[in-house]
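Just below is one structure, and these are the notes that go with it.
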Amino acid sequence: MEQNEVGEFLHKLKAIFCELERLPQPTIAAIDGVALGGGFELSLCCDMRIGGPKTLVGLPETSLGIIPGAGGTQRLTKLIGESRTKALVFTAKRLGPQAALAMGILNDAETLATENVDELGYQRALEWARDILPNGPVAVRMAKKAIDLGGSVDASSGLDVEQLCYAHVIPTEDRMEGLRAFKEKRKPVYTGR
C-alpha cells in the first residue's frame, strides 16, 4: 500500500469498526485462533470477547515499525488500563487465552482442549448469547447504551445517562411483562416493545 493510501484506508477501517461498536445490540467476538493487529482491534469493538484454547491476541504493530491504527490503542486502554496497554503495545507481546482472560481482555475462555478445539470459543460465545437472549431486548439495548455513553463521562453525568436510558424502558410492554412474570413466578415472554 502506498503512503498516500494508508490514511484513507485507516479512515475507512475506523469508520467500519465504529459502526460495529455502535450497534444497539450486544456483540460478541468469538476468537478461536490468531487475532493480531487489525483482527484484535476488530474484536475490541465488540462488547465481549470469548476465546478458545488456540486463542492468541495482541497488537504486534510496533514490531513492524508502525502502531495500531484502527483504534486499538484507545479501546484496549479503556478495557485494561493505560499501563497494561503500554506494556502490550511497546513489547508487541502476544497473549494466549489464559493470560488474556487474566488481564481482562477476554470475558471467558475455554482453555482445556478436548475435541473440536477449533470451535470451542465459538461454542462458548453462543452460550453467552443464549444467556443474553431471554432478557428484555429493550432493556438490554438501553443497558448497553447507558454503559457505553456513561463510561466516557464523569460519574455524575454517567448517572444522568443511566436515568435517561432507564426512562426509555418505563413505558414498554416488556417492563410490564417482566414484572407480571416475576409476580406469577414464570418466565417472561418479551416482544421488544
Side-chain angles (χ1 to χ4, degrees), residues 1-110 117-126 128-129 132 140-153 157-158 161:
M1 189 178 306
E2 297 296 321
Q3 274 186 359
N4 61 341
E5 298 171 316
V6 174
E8 184 180 338
F9 171 77
L10 287 176
H11 179 74
K12 288 178 181 177
L13 188 60
K14 283 184 212 176
I16 292 167
F17 284 9
C18 286
E19 284 183 38
L20 171 61
E21 192 171 42
R22 286 191 297 260
L23 285 173
Q25 55 276 93
T27 54
I28 304 172
I31 307 171
D32 272 316
V34 178
L36 299 174
F40 183 43
E41 288 178 292
L42 175 63
S43 78
L44 292 172
C45 299
C46 294
D47 298 309
M48 300 165 53
R49 284 150 303 287
I50 312 299
K54 291 184 175 181
T55 297
L56 188 66
V57 297
L59 296 171
E61 285 87 345
T62 57
S63 69
L64 301 171
I66 58 175
I67 69 169
T73 61
Q74 303 308 299
R75 289 184 180 98
L76 188 59
T77 299
K78 288 180 177 144
L79 184 65
I80 64 169
E82 187 177 308
S83 180
R84 287 180 167 185
T85 298
K86 285 179 178 178
L88 291 178
V89 172
F90 295 170
T91 64
K93 188 172 183 171
R94 289 125 170 110
L95 302 175
Q98 291 175 326
L101 184 61
M103 199 169 276
I105 293 168
L106 296 178
N107 297 81
D108 196 3
E110 179 62 61
V117 71
D118 293 332
E119 294 185 4
L120 290 176
Y122 175 72
Q123 294 304 321
R124 182 69 62 96
L126 286 177
W128 277 86
I132 294 168
V140 171
R141 281 195 308 275
M142 287 298 107
K144 177 177 174 168
K145 189 173 196 173
I147 294 165
D148 288 348
L149 296 176
S152 61
V153 296
S157 298
V161 168

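Given the structure is predicted, the values throughout are model-derived calculations rather than measurements.
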Strictly distance-based, threshold 3.5 Å: is any side-chain N or O of Gln74 a donor or acceptor partner for the main-chain N or O of Gly71?
no
Keeping Arg124 on the side-chain end and Asp108 on the backbone end, is there a donor-acceptor pair under 3.5 Å?
no
Please report the interatomic distance SG(Cys18) to CG(Leu23), rounded to the nearest 0.5 Å.
11.5 Å
Is there a side-chain contact between Ile67 and Val89, using heavy atoms and a 4.5 Å cut-off?
no
Return each pair, listed once, that meets side-chain hydrogen bond (donor to acceptor under 3.5 Å, both in side chains) where at least one residue sits in residues 7-22; pairs must be two or more places apart or across chains.
Glu8-Lys12, Glu21-Arg75
Among pairs that include at least one residue of residues 39-53, which meet side-chain hydrogen bond (donor to acceptor under 3.5 Å, both in side chains), considering only residues two or more places apart or in two chains?
Thr27-Asp47, Asp47-Lys144
Gap between atom CG of Leu59 and atom OG1 of Thr91 - 0.5 Å precision:
10.0 Å
Nearest 0.5 Å, please: how far is CG in Leu42 from CG in Leu20?
6.0 Å
Tell me whether Thr85 contacts the main-chain N or O of Thr73 through its side chain, where contact means a donor paired with an acceptor under 3.5 Å.
no
Any side-chain donor near an acceptor of the partner, Asn107 and Trp128, under 3.5 Å:
no
Closest non-hydrogen atom pair between Asp32 and Gly52, with its separation
OD1-CA, 3.8 Å
Has Gln123 got more than 12 heavy atoms of other residues, nucleotides or ligands less than 6.0 Å from its CD?
yes
Looking only at heavy atoms, the pair that brings Val140 and Pro26 closest together is CG1-CG, 3.3 Å
Are the side chains of Leu76 and Phe40 in touch, meaning some heavy atoms are under 4.5 Å apart?
yes
What closest approach, in Å, do Glu61 and Gly37 show between heavy atoms, and which atom pair accounts for it?
OE2-CA, 3.1 Å
Distance col, row Lys93:NZ vs Thr62:OG1, nearest 0.5 angstrom, shows 13.5 Å
Got a second to check how far Ile50's CD1 is from Thr55's OG1, nearest 0.5 Å?
10.0 Å
Does any N or O in the side chain of Arg84 come within less than 3.5 Å of the main-chain N or O of Glu82, such that one atom is a donor and the other an acceptor?
no
In the structure I gave you, are the side-chain heavy atoms of Leu101 and Leu95 within less than 4.5 Å of one another anywhere?
no
Heavy-atom side-chain contact between Pro60 and Arg94 under 4.5 Å
yes
In terms of heavy-atom contacts, Phe17 and Cys45 come closest through CB-SG, 3.4 Å
Closest non-hydrogen atom pair, Leu106 against Pro97
CD1-O, 3.7 Å
